Amino acid sequence: MFTIGDFARLGRVSVRMLRHYDATGLLRPARVDPATGYRFYTAAQLARLNRVIALKDLGFTLQQVGEILDEKVTAGELRAMLRLRQAELETAMAESAARLGQVEARLRSIESEGRMSTNDVVIKSLPSVRVAELTGVAADFHAVGSTIAPLYAELFERLEAAGITPSGPGVARYEVAPGGGLLVHAGVQVSAPVRDDGTLRVLDLPPVDSAATIVHRGPMSALLPTVQTLGRWIDAHGYRSTGYAREVNLECPPDQDDWVTELQEPVVPA
């Protein structure tokens, strides 16, 4: 038999954890000295300890581990538990990947601070343009990407079903939502008649007398430095922004690193 210290070393766990397993009934010692209270374990108990550790690493609670090891869970129930845990891990990985993308975009923004050329900012008027669009609500600009992508996918499906062919680039625009957050308008230029069926709208965006424009090259996840460059230019040249910039998708090849997007922010003299 092994003392609790020796068993802990063999099982690569702490003595405190073994005491906790004993208290919860998950792994009781093979013998407890009645005089000293010392716990002793057998080599055969290492197999159960290893299963406990493996199931804990999969994310199961100690109660669930005990039920699985004591065969209180059927094979079907165990499969369902594992599938649920798989889904939870996949969701966590997707959320971590999204956060990593935000960190990388922030790093690119910091590293390029003050170094992007502002020579390409141009003030120009924008004509009226007819677009077909779907609208959704994003909690904030961090949630725009996950909001606008499915809107565009549905938009093109509905246009195809309606026999409407886009006549120009995509136009994304934003407004403050009445209840908070952002109204996200995912649109594309069309030549179809004006209509509004409650969700899909075909409308004429009004002309803009004066807009500060800049071209962004690369994925939309790396847009922040370009937005900040445009904002600094507007402030430095005596203008004031009067709304969110439109995003006109000039080129959208499969590789997002090759995307070309023009930002068009309406301005007036400050």
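Just so it is clear, the structure is predicted and the values come from calculations on it, not from any experiment. In what follows, residues are counted from 1 in the order of the sequence shown. These numbers come from the heavy atoms of this one structure, side chains and all, not from hydrogens, waters or symmetry mates.
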### Task
Output yes when a side-chain donor or acceptor of H216 lies under 3.5 Å from a complementary backbone atom of P219, and no otherwise.
yes
### Task
Say whether T199 and R158, considering side chains only, have a donor N or O and an acceptor N or O under 3.5 Å apart.
yes
### Summary
Here the pair of heavy atoms bringing S128 nearest to L205 is OG-O, 2.8 Å
#### Entry: Test item: E77 side-chain N/O and T74 main-chain N/O as donor-acceptor pair under 3.5 Å
yes
### Exceeds 12 heavy-atom contacts within 6.0 angstrom, atom CD of E160
no
## Note on the structure
Heavy-atom closest pair (L62 atom, K56 atom, distance to 0.1 Å) is CD2-CD, 3.6 Å
#### Entry: pair M81-Q64: side-chain heavy atoms closer than 4.5 Å
yes
### Query
Can K124 and D209 be said to form a salt bridge (charged side-chain N to carboxylate O under 4.0 Å, His left out), step by step?
CA-CA 8 Å; K124 61 185 179 183; D209 291 335; over 6 Å; no
### Summary
Looking only at heavy atoms, the pair that brings R28 and Q45 closest together is O-NE2, 2.7 Å
### Beyond-backbone contact of F7 with V15, side-chain heavy atoms, under 4.5 angstrom
no
### Query
Would you find more than 12 non-hydrogen atoms of other residues, nucleotides or ligands less than 6.0 Å from Y239 atom OH?
no
### Salt-bridge criterion met for R48 and D70 (N-O under 4.0 Å)
yes
### Query
Side chains of V13 and L18: closer than 4.5 Å at any heavy-atom pair?
yes
### Task
Could you tell me whether the side chain of D6 reaches within less than 4.5 Å of the side chain of Y41, counting heavy atoms only?
no
### Query
Do L49 and R51 touch side chain to side chain, with heavy atoms closer than 4.5 Å?
no
### Query
Shortest non-hydrogen contact from Y244 to P266?
O-CD, 3.7 Å
### Message
Between the side chains of E265 and R246, is the shortest nitrogen-to-carboxylate-oxygen separation below 4.0 Å, so that they form an ion pair?
### Response
no
### Query
With ring centroids as reference points, do F141 and Y174 lie under 6.0 angstrom apart?
yes
### Query
How far apart are the closest heavy atoms of L263 and A245, and which atoms are they?
CB-CB, 4.4 Å
### Task
Mind checking side-chain hydrogen bond (donor to acceptor under 3.5 Å, both in side chains) for Q264 and listing every partner two or more places apart, or none if nothing turns up?
E262
### Task
With sequence neighbours left out, write down each residue that passes side-chain hydrogen bond (donor to acceptor under 3.5 Å, both in side chains) with T213, or none if nothing qualifies.
none
### Query
Can you check whether I214 reaches T229 side chain to side chain, under 4.5 Å on heavy atoms?
yes
## Note on the structure
T42 and A30 have their tightest heavy-atom pair at CG2-CB, 3.6 Å
